[in-house]
K.L.:
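Sharing a structure, written as structure tokens. Questions coming.
One is the number of the first residue; the rest follow in order along the sequence. Only this structure's heavy atoms are used, side chains among them; waters, hydrogens and symmetry mates stay out.
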Amino acid sequence: MPKYYDDKEEDNRACAGIREDFKACLLQHDCVVKEGKKPSECLKEGHCKALQTSFFECKRSMLDARSRFRGRKGE
């Protein structure tokens, strides 16, 4: 189960759940923990790519005029 369901304070920002999972993935990845690199450097290397894409799609759906009437996909 995603981490954001367990005892978290309420975050009402758009795509908050995907944001939390993406952040946790980056900060707990071996690239950051063992190699001591910055999360931005690990992103450029392609780590956590699926969550990065999901987060991008969620944010983009907020700007898409067609989906503004249907609601966001990721929430």
Side-chain angles (χ1 to χ4, degrees):
M1 182 172 262
K3 189 175 185 177
Y4 59 91
Y5 286 117
D6 301 332
D7 299 326
K8 285 287 197 176
E9 63 272 356
E10 190 66 30
D11 187 2
N12 292 327
R13 293 184 294 181
C15 309
I18 297 174
R19 179 191 314 263
E20 277 295 316
D21 285 346
F22 184 43
K23 179 179 170 183
C25 176
L26 278 177
L27 293 178
Q28 295 171 358
H29 200 277
D30 288 343
C31 178
V32 174
V33 176
K34 292 183 180 176
E35 298 175 21
K37 295 181 181 179
K38 294 181 181 178
S40 58
E41 294 171 349
C42 295
L43 270 180
K44 290 177 185 172
E45 294 176 7
H47 301 292
C48 304
K49 196 67 172 173
L51 285 171
Q52 182 182 16
T53 303
S54 297
F55 184 61
F56 170 76
E57 290 293 330
C58 181
K59 295 295 269 184
R60 185 173 70 169
S61 72
M62 294 179 354
L63 299 174
D64 187 9
R66 291 173 291 166
S67 66
R68 281 183 24 210
F69 296 106
R70 298 180 200 147
R72 292 191 308 269
K73 292 179 189 174
E75 297 294 308

K.L.:
Could I get the full list of side chain to side chain donor-acceptor pair (under 3.5 Å) partners for H29, not counting sequence neighbours?
P.N.:
H47
K.L.:
About how many Å separate CD of E45 and OG of S40, when rounded to the nearest 0.5 Å?
P.N.:
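Atom-to-atom, S40:OG and E45:CD are 10.0 Å apart.
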K.L.:
Tell me every residue that passes side chain to side chain donor-acceptor pair (under 3.5 Å) with E41, counting only those two or more places apart in sequence or in another chain.
P.N.:
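Result, side chain to side chain donor-acceptor pair (under 3.5 Å) vs E41: none returned.
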K.L.:
Kindly work out whether a path of hydrophobic side-chain contacts (I/L/V/M/F/W/Y, heavy atoms less than 4.5 Å apart) joins I18 to L43.
P.N.:
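Linked within one cluster.
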K.L.:
Between CD of E57 and CE of M62, what distance do you get to the nearest 0.5 Å?
P.N.:
13.0 Å
K.L.:
Closest heavy-atom contact between D21 and L51?
P.N.:
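Distance-wise, the nearest heavy atoms are O-CD1, 3.5 Å.
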K.L.:
Only counting residues at least two apart or in another chain, list the ones meeting side chain to side chain donor-acceptor pair (under 3.5 Å) with K49.
P.N.:
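Applying side chain to side chain donor-acceptor pair (under 3.5 Å) to K49 gives none.
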K.L.:
Please report whether the SG atoms of C48 and C25 are separated by less than 2.5 angstrom.
P.N.:
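Between C48 and C25 there is a disulfide, given that their SG atoms are under 2.5 Å apart.
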K.L.:
Between K59 and R19, is a side chain to side chain contact (heavy atoms under 4.5 Å, CB included) present by the stated rule, with each step listed?
P.N.:
CA-CA 10 Å; K59 295 295 269 184; R19 179 191 314 263; 3.8 Å; yes
K.L.:
What's the separation between atom CZ in R60 and atom OG1 in T53, rounded to the nearest 0.5 Å?
P.N.:
10.5 Å
K.L.:
Can you name the closest pair of heavy atoms from P39 and L27 and give their distance?
P.N.:
CG-CD2, 3.9 Å
